[in-house]
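See below for the structure under consideration.
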Amino acid sequence: MRYDLVIFDNDGVLVDSEPISNRLLAGYLTELGHPTSYEDSIRDYMGSAMHRVHELVEERTGRRLPDDFDDVFHARVFAAFERELKPVAGAAELLERLAADGVPYCVASSGSHERIRVGHRTTGLDRWFDAARVFSSQDVGRGKPAPDLFLYAAERMGVAPGRCAVVEDSPLGVRAAVAAGMDVYGFTAMTPADRLRGATRLFSDLGHLADLLE
């Protein structure tokens with residue numbers, strides 16, 4: 001393995017949550033008088049922390065979202081996760097291989113710690129992630145595309161940024177990893193390759209990732 005640490009994004013990389021959460025986000029924003037399609041949500045918010053939703057809506061409309069927006073949205077998302085969420089194909093096998101080979105790994109997600117825990121528990125991926133391997137945008141001042149979260153994860157895991165590989169499926173995440181000075185592997189299963197410009201390497205199947213990292 002050419003890297004000392006593999007840092008995974010969570011939504012869309014390990015758990016197949018992006019279709020669920022973006023469908024619900026688009027619906028809730030539209031319900032509140034901010035017409036948003038599923039495609040709009042993917043383009044504008046995929047891979048970002050919740051503060052970006054608030055900032056973009058206020059920037060575009062001059063209106064703030066309700067104070068309970070995050071709580072209502074997350075309640076809807078978590079309920080849908082319990083009904084629908086699945087791991088991304090190949091995620092369990094990849095984690096099992098990394099663990100068996102003794103390759104250090106962690107997750108660094110724009111989602112909250114609660115969202116990460118719910119997703120991992122629902123999909124059964126929690127067996128590979130104790131608390132010491134889970135990092136959220138809640139842990140830092142700025143979310144992606146700022147490099148802060150990835151740099152924080154590397155520091156906590158005791159690995160220099162240049163020895164880290166990031167696995168990302170969003171343009172914001174790729175920008176954050178590049179800004180952190182890390183190699184980034186762009187996952188194109190859901191995101192068109194041309195939106196992940198700047199990635200060190202592109203791939204479309206998690207089953208192939210371990211070989212690419214060697």
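For this chain, numbers begin at 1 and follow the sequence in order.
- A 4.5 Å side-chain heavy-atom check between Y45 and S21 finds every atom pair outside the cut-off.
- Rounding to the nearest 0.5 Å places CG of L213 at 8.0 Å from CZ of F203.
- Comment: K144 engages D9 in a salt bridge, judged by a side-chain N to carboxylate O separation of less than 4.0 angstrom.
- The aromatic rings of F73 and Y28 sit parallel to each other, their planes meeting at less than 30°, with 60° as the upper class boundary.
- The closest side-chain heavy-atom distance from L196 to F187 is not below 4.5 Å.
- Salt-bridge formation is not detected for the pair R52/E59: no Lys NZ or Arg NE/NH1/NH2 atom is positioned less than 4.0 Å from an Asp or Glu carboxylate oxygen.
- Here the two rings, on H120 and F129, have centers that are under 6.0 Å apart.
- Remark: the D40 side chain and the S37 side chain contain an N/O donor-acceptor pair separated by less than 3.5 Å.
- Ion pairing between a basic and an acidic side chain is recognised when a charged N comes within 4.0 Å of a carboxylate O; R23 and E18 show no such pairing.
- The shortest side-chain heavy-atom distance between F69 and R64 does not fall under the 4.5 Å cut-off.
- With salt bridges taken as basic N to acidic carboxylate O contacts below 4.0 Å, one links R97 and D211.
- Side-chain contact annotation: N22 with S41, donor-acceptor N/O pair under 3.5 Å present.
- For the atom pair CD1 (I7) and OH (Y152), the distance works out to 12.5 Å, reported to the nearest 0.5 Å.
- In the model, E55 has a side-chain atom that pairs as donor or acceptor with a side-chain atom of H51 under 3.5 Å.
- For the pair D148 and R142, the salt-bridge criterion is met [side-chain N within less than 4.0 Å of a carboxylate O].
- The residues R115 and D11 are annotated as salt-bridged, a charged nitrogen and a carboxylate oxygen being separated by less than 4.0 angstrom.
- Under a 4.0 Å N-O distance rule, the pair D169/R195 does not qualify as a salt bridge.
- Salt bridge status for R76 with E31: present, with a side-chain N to carboxylate O gap under 4.0 Å.
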